[in-house]
Amino acid sequence: MTGQVRTVDGRVAGRRGQATRQKLLDCLSEMLSSSPYRDVKVIDVARKAGTSPATFYQYFPDVEGAVLELAEEMATEGAALTDLVADRSWVGKAGWQTSEQLVEGFLDFWRKHDAILRVVDLGAAEGDKRFYKLRMKILNSVTSSLADAVKELQSKGKVDKDVSPMAVSGSLVAMLASVASHQKGFQTWGVKQAELRPNLALLVHLGITGRKPTK
């Protein structure tokens, strides 16, 4: 965490205060992994962190405020997903490797942050602009880079000029997000992770290049 950490009333938190604040966030994150968002109460978070509700309110206005802090941190980390596709080749074997690495990185990120992403999706679906912006921040980091990849392929005559780069990239990223949030559901269909990922990478490769990958 960079920069000064402040309490709700604007005071700069000292080292102990920052440690307490982080512990509250860690406990909240852990609770979101096992409890529905609406069921998480300030008193329960404080008790788990070994402190009081009054201390919680020194750092966050309510549970939602603390959740937004977690979501901000997660979205900042998610911006690095662009590295999975920025300036990568989509030609030949390198193109297949790029699609594989994108799928691996995207699904791993979603699994790591599954609990907070479920809350972000819920907030965005309910029309909360704060959660919607955070969700789009994560998705945009990949969408823009994929669109650039399509444009580059178009400039080389490898993808039809009539293809809309943003429409294709946006559709693929929406697909990735949907699949990523449904990973456990694939098990009920008898689909293993070892099967899901390469087949998802195949769809991504076909979507970007319009060609069967060279493996």
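Residue numbers run from 1 in the order of the sequence given. These values consider heavy atoms only, across backbone and side chains, with no hydrogens, waters or symmetry-generated copies.
The two residues I138 and A75 make their nearest non-hydrogen contact at CG1-CA, 3.9 Å. Taking every heavy atom of both residues into account, Y132 and A124 meet most closely at CA-CB, 3.8 Å. Of all the heavy atoms in R135 and A177, the pair that sits closest is NH2-CB, 4.1 Å. Shown here for V67 and V119, the closest heavy-atom pair between the two residues is CG1-CG1, 3.6 Å. Across all non-hydrogen atoms, the minimal contact from T98 to L84 is CG2-O, 4.1 Å. When every heavy atom of D44 is checked against every heavy atom of R47, the shortest pair comes out as OD1-NH1, 3.3 Å.
Under the 4.5 Å side-chain criterion, counting only non-hydrogen atoms from C-beta, V168 is not in contact with L146. Side-chain contact between D148 and V85: absent, with no pair of heavy atoms (C-beta onward) separated by less than 4.5 Å. Counting only heavy atoms from C-beta outward, the side chains of E30 and D26 never approach each other to under 4.5 Å. R111 is not listed as a side-chain neighbour of L107, based on a closest heavy-atom distance of 4.5 Å or more. With a 4.5 Å cut-off on side-chain heavy atoms, V91 and T214 do not count as touching.
With hydrophobic clusters built from ILVMFWY side chains whose heavy atoms lie under 4.5 angstrom apart, F109 shares a cluster with F186. Linking Ile, Leu, Val, Met, Phe, Trp and Tyr whenever their side-chain heavy atoms come within less than 4.5 Å leaves L202 and F106 in two separate clusters. Hydrophobic clustering places M31 together with L122 (ILVMFWY residues linked when any side-chain heavy atoms are closer than 4.5 Å, directly or through intermediates). In the hydrophobic clustering of this structure, V120 groups with M175; members are Ile, Leu, Val, Met, Phe, Trp, Tyr whose side-chain heavy atoms approach within less than 4.5 Å, directly or through other members. Hydrophobic clustering of Ile, Leu, Val, Met, Phe, Trp and Tyr side chains at less than 4.5 Å, counting indirect connections, keeps L206 apart from L200.
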Worked check of side chain to side chain contact (heavy atoms under 4.5 Å, CB included) between E72 and E77: CA-CA 9 Å; E72 284 278 5; E77 182 182 334; over 6 Å; no
Quick one, K93 with K215, criterion side chain to side chain contact (heavy atoms under 4.5 Å, CB included). Give me CA distance, side-chain angles, the key distance, then yes/no. CA-CA 5 Å; K93 290 184 178 180; K215 301 181 182 180; over 6 Å; no
Give the intermediate values and the outcome of side chain to side chain contact (heavy atoms under 4.5 Å, CB included) for residues T209 and V150. CA-CA 7 Å; T209 69; V150 175; over 6 Å; no
So D114 and R118, salt bridge (Lys or Arg N to Asp or Glu O under 4.0 Å) or not? Walk me through it. CA-CA 6 Å; D114 176 64; R118 277 189 280 110; 3.2 Å; yes
Check step by step if side chain to side chain contact (heavy atoms under 4.5 Å, CB included) holds for F60 and L28. CA-CA 12 Å; F60 310 104; L28 173 59; over 6 Å; no
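At distances below 3.5 Å, not a single donor-acceptor pair connects side-chain atoms of T55 with backbone N or O atoms of T51. A donor-acceptor pair is defined here as one N or O able to donate and one able to accept, closer than 3.5 Å; no such pair exists between the side chain of S144 and the backbone of S141.
When the side chain to side chain contact (heavy atoms under 4.5 Å, CB included) test is applied to K23, the partners found at least two apart in sequence or on another chain are C27, A49. The salt bridge (Lys or Arg N to Asp or Glu O under 4.0 Å) check on K156 picks up E152, with sequence neighbours excluded.
Within 6.0 Å of atom CG in D39, more than 12 heavy atoms from other residues, nucleotides or ligands are found, so the atom counts as buried in its surroundings. Other residues, nucleotides and ligands place no more than 12 heavy atoms under 6.0 Å from the NZ atom of K158.
Under a 4.0 Å N-O distance rule, the pair E100/R197 does not qualify as a salt bridge. In this structure, R38 pairs ionically with E126, as a charged nitrogen and a carboxylate oxygen lie closer than 4.0 Å.
No side-chain N or O of E195 forms a donor-acceptor pair with one of N199 less than 3.5 Å apart. Using a 3.5 Å distance cut-off with no hydrogens or angles, the side chains of Q97 and R88 do not pair a donor with an acceptor. Using modelled atom types, one finds a donor on one side chain and an acceptor on the other under 3.5 Å when comparing T82 with S145.
With rounding to the nearest 0.5 Å, the separation of CG in L25 from CD in E69 is 6.5 Å.
Aromatic pair H182/W110: centroids not less than 6.0 angstrom apart.
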